[in-house]
Amino acid sequence: MNIRYKLALFVTTLALCTHALAAEVNVYSARKEALIKPLLDQFSSESGIQVNLVTGKADALLKRLTSEGANSPADLFITTDAGRLHRAKEADVLQPVSSDILSAAIPSHYRDPEGFWHGLSVRARVVTYIKDRIDPQQLSTYEALTDPQWKGRICIRGSGNIYNQSLVASLIAANGEAATQEWADGFVKNFARDPKGGDRDQVKAAAAGVCDLAIINTYYLGAMINSKDEGERAAASKVALFWPNQANRGTHVNVSGAGVTRSAKNKAAAIQLLEFLVNEKSQAWYASVNHEYPVRPGVAWSETLKQWGTFKADTLNLSQLGKNNPTAVRLMDKAGWK
Ligand code: FE
């Protein structure tokens, strides 16, 4: 072997080693940087795998993934709502993953049956009520919100919002399409105003006397209770949380979650990152930073969540929310839900 060849071999080997050391995983995240970055940094320091993070709006990121197709640099897509995760699966930008660690950590109803996406944190869509004006005895189920006693007293955001679409999709799963159409017709009649704003705005409207009930995701109330904004804290202090449907199927829940992309060039590292995100330590941090529930059973809840007590959650497989989404959208539109 001449010296030049030896040198070439040495350089090649060195390059391969460097490449192996520079293992990386590219993440597209619809979650804000503050809700995920510290955890990704922790993963990097433990595994030596560099994480490149791109954050953006959920729908825009999915559009980007779809248009990039096989050329997408993304390995892992993180987003919120099973309805959106299902959309990503349908758009063919995800691939199935089978991992004993993920299956053991995540209850089966919080992941896609075919492994295309996995839930990472849980949120419930609940009724909040003005404590001064409402006796919680008046409340029971989502279905009962069509009662004429609530005429002009309910605040909820628009039908274009995926959280509402998923709530209606869960009602379709429980009661069928015809009964849910009837429900939506009655529910819309009880709105205090044309839907506008996000979930926090519904609580603010209720606190300002516009309505008596506000339908919101639990973490928004958590955020308002712990807000730096005095107005948000004041509004939150006027409402209490009610867990609907405790006597039957349980409260409607949803997840934030993630899936390995179809285009992943770093599939093994992406799976390793997913598995890291469901370990006990990660789960405790990831859930509490946004006032969510850990997807992994047995992980401690934040102080805010403990105050609301335990509740029975619907165990419907969340992939059903995605499957029922088109019907839900059509039905809400027919009901005149703006
Ligand atoms: Fe949200």
Side-chain angles (χ1 to χ4, degrees), residues 27-37 39 53-63 77-88 110 117-128 142 155-170 195-206 213-229 232-233 235-236 239 241 243-244 251-259 277 283 285-295 301-302 304-305 308 311 313-314 318 321-322 325 328-329 332 337:
V27 175
Y28 280 11
S29 171
R31 307 223 80 182
K32 290 191 194 93
E33 193 169 312
L35 302 183
I36 187 83
K37 182 76 165 40
L39 214 44
L53 176 66
V54 172
T55 58
K57 294 258 184 221
D59 296 334
L61 275 183
L62 177 56
K63 208 174 260 179
F77 179 46
I78 300 177
T79 191
T80 55
D81 204 287
R84 281 205 191 96
L85 289 158
H86 185 82
R87 259 178 217 167
Y110 292 142
W117 54 262
H118 290 78
L120 296 174
S121 61
V122 178
R123 63 278 297 284
R125 195 147 182 81
V126 296
V127 178
T128 58
Y142 298 106
C155 280
I156 188 165
R157 71 203 290 180
S159 60
N161 175 257
I162 191 86
Y163 307 148
N164 285 338
Q165 293 170 8
S166 287
L167 170 63
V168 174
S170 80
K196 60 175 175 183
D199 281 7
R200 290 177 204 233
D201 297 312
Q202 314 311 316
V203 174
K204 288 176 195 168
L213 306 180
I215 315 299
I216 63 163
N217 283 354
T218 41
Y219 57 88
Y220 287 111
L221 185 60
M224 291 178 80
I225 289 170
N226 295 287
S227 177
K228 288 190 182 87
D229 180 325
E232 285 204 340
R233 288 200 308 276
V239 302
L241 186 159
W243 301 109
T251 298
H252 168 63
V253 289
N254 210 317
V255 290
S256 80
L277 292 173
Q283 277 288 296
W285 187 88
Y286 185 67
S288 69
V289 70
N290 193 39
H291 311 287
E292 289 182 90
Y293 295 89
V295 76
W301 293 2
S302 71
T304 300
L305 268 48
W308 298 334
F311 67 102
D314 191 353
L318 297 189
L321 305 180
N325 181 276
V329 170
M332 292 161 96
W337 187 334

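One-based numbering, in listed order, for ligands and for the atoms of each. Bear in mind that the values here come from a model prediction, so they are computed numbers and not experimental data.
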Between the CD atom in E232 and the CZ atom in R200, the distance rounded to the nearest 0.5 Å is 4.5 Å
What's the spacing between L305 CG and E292 CD if we round to 0.5 Å? 9.0 Å
Which class fits the ring pair W243 and F311: parallel under 30°, tilted 30 to 60°, perpendicular over 60°? parallel
Sub-3.5 Å donor-acceptor pair from the side chain of N161 to the main-chain atoms of Y163, do we have one? yes
Y142 side chain vs H252 backbone, donor-acceptor pair below 3.5 Å: yes
With 2.8 Å as the limit, jot down which protein N, O or S atoms are around the Fe ion (ligand 1). Y163 OH, Y219 OH, Y220 OH
What distance separates N254 CG from R84 CZ, expressed to the nearest 0.5 Å? 9.5 Å
